[in-house]
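Inspection log for the structure reproduced underneath, given as structure tokens.
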There are 2 protein chains.
Amino acid sequence: MTIQESATTSEGRPQRADARRNHERLLEAARELFEEGADTSMEAIAKRAGVGIGTLYRHFPKRIDVVEAVYRDDVEQVANVAERVVDELEPWEAIDVFLHAFVNYALGKRRFLNELREAFEKNPELKSASRERLDGAVGLVLQTAQRAGVVRDDLTSDEIYGLVGSMCMSALLTTEQCDRLIGLILDGLRVR
Amino acid sequence: MTIQESATTSEGRPQRADARRNHERLLEAARELFEEGADTSMEAIAKRAGVGIGTLYRHFPKRIDVVEAVYRDDVEQVANVAERVVDELEPWEAIDVFLHAFVNYALGKRRFLNELREAFEKNPELKSASRERLDGAVGLVLQTAQRAGVVRDDLTSDEIYGLVGSMCMSALLTTEQCDRLIGLILDGLRVR
DNA sequence: TGCTAAGTGGAGGGAACCTCCGTATAATAG
DNA sequence: CTATTATACGGAGGTTCCCTCCACTTAGCA
């Protein structure tokens, strides 16, 4: 549980701007450090964010709260990409951009998967709610593309999951390898 | 890597009896504490084994070496049970006893799964060799029972894995629940 | 501008991992 | 049976990291 989850304080005041800014910086610092792959200390996150360790603990009372918040944020970003690309892009372009974002999410997730599993055990709702949110995102983009006639009708969200999951099982992929594999997946999705 | 892996010292002397005894006690203490489910410190393992922390570190240079050694030992015990039951018991009784041992192994594994995953990442051969060893054990008992005509011919080792894996996904099972589920599995295996 | 509740930050406590080295002893040769 | 010696033991203490406490700072409002 973090203080960000209430946009107002206990007196009904909106949260301070500097507090919101620090919260965002902490999340971004944590994400970057988790993705760098070395063991990430709380001290390192606070330093990277440019705040004190006490500030970090004010926003995230335990280490596992950081892990959970980063993950929630990542899921939310994927969902936001889904909504944005459906609004703003041609359907084929939408699924292309979305797939890249989804793969980035999945690769990022792998970097702190052990700790994330501990977060799921502690808070099973996190796992189920996130999966539901992602299902909605994948479904939205896929079905929009199918209605537009640019993606085969017989594909399901689970199959998209399966394809992305398979490619993310590989050892660390280079950007080029990612792009190539996504291209292959997209070729498979395309209406012939 | 632990000192137990050579039955002699560098001078060719057999390993000391007290050292072998301490090694076994440390493994047993670690297994018991992992199964009790609370976070297990190295200090607690050494205390439970009745040795000093320096002795523990002489046998297991890092914490992850304890995890790996307990797991290797568990796998070896399952394999030994397979060989013993095939030798000493009637085929139906053999698969019954083996299945109990296999389920106990799988439940025990869950208790330190996060740390075990880290061991697998560090040493992928551990995972593949253990899986191979277990495959051999399951295959031995299953095929012996099939040849004896007491278990259906159409079952594979993978299906045994699947059944045991499913039941071990449950939240903590009581001994009664385990026995009941194993009974159900055995009913499914039985030649009709 | 003053007030105050929210926010900050870093020193320090405590837990756990791991090392170092003085001491103990198992096993062997004579 | 005794002396030797290489192996083994064990616990104090160093280090790292998680987390707390509380004095100090400041954003936002009246």
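The sequence lines fix the lettering, A, B, ..., with proteins before strands; numbering per chain opens at 1. Bear in mind the structure is a predicted one, so any value in this text is a computation, not a measurement.
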Side-chain N or O of H23(A) closer than 4.0 Å to phosphate OP1/OP2 of dG7(C): no
OP1 or OP2 of dG7(C) under 4.0 Å from side-chain N/O of H59(A): no
Ring pair (Phe, Tyr, Trp, His ring centres under 6.0 Å) contacts in which one or both residues fall within residues 143-170 of chain B, not counting sequence neighbours: F102(B)-Y161(B)
Whole angstrom value for the distance that separates C1' of dT8(C) from CZ of F60(A): 15 Å
Contact list for residues 158-170 of chain B, test salt bridge (Lys or Arg N to Asp or Glu O under 4.0 Å), sequence neighbours left out: R131(B)-D158(B)
Length of the line joining L56(A):CG and dC18(D):P, which is rounded to integer Å: 10 Å
R58(A) (side chain) and dT8(C) (base): donor-acceptor pair under 3.5 Å: no
Nucleotides 9-19 of chain C: protein proximity per nucleotide (B base, S sugar-phosphate only, - neither; heavy atom, under 4.0 Å): BBB-----SBB
Please list, one pair per line, the donor and acceptor atoms closer than 3.5 Å that link side chains of residues 75-88 of chain B to other protein atoms, with sequence neighbours excluded.
residue, atom, partner, partner atom, Å
E76(B), OE1, R133(B), NE, 3.3
E76(B), OE2, R133(B), NH2, 2.7
Q77(B), NE2, D73(B), OD2, 3.4
N80(B), ND2, E76(B), O, 3.4

Sugar-phosphate only, base, or nothing, as touched by A46(B) at under 4.0 Å among non-hydrogen atoms: nothing
D39(A) atom CG, neighbour heavy-atom count above 12 within 6.0 Å: no
Partners passing salt bridge (charged side-chain N to carboxylate O under 4.0 Å, His left out) against E32(B) (at least two apart in sequence or in another chain): R48(B)
Qualifying residues under salt bridge (charged side-chain N to carboxylate O under 4.0 Å, His left out), relative to D96(A), sequence neighbours excluded: none
Side-chain donor/acceptor of R16(A) to base of dA6(C), under 3.5 Å: yes
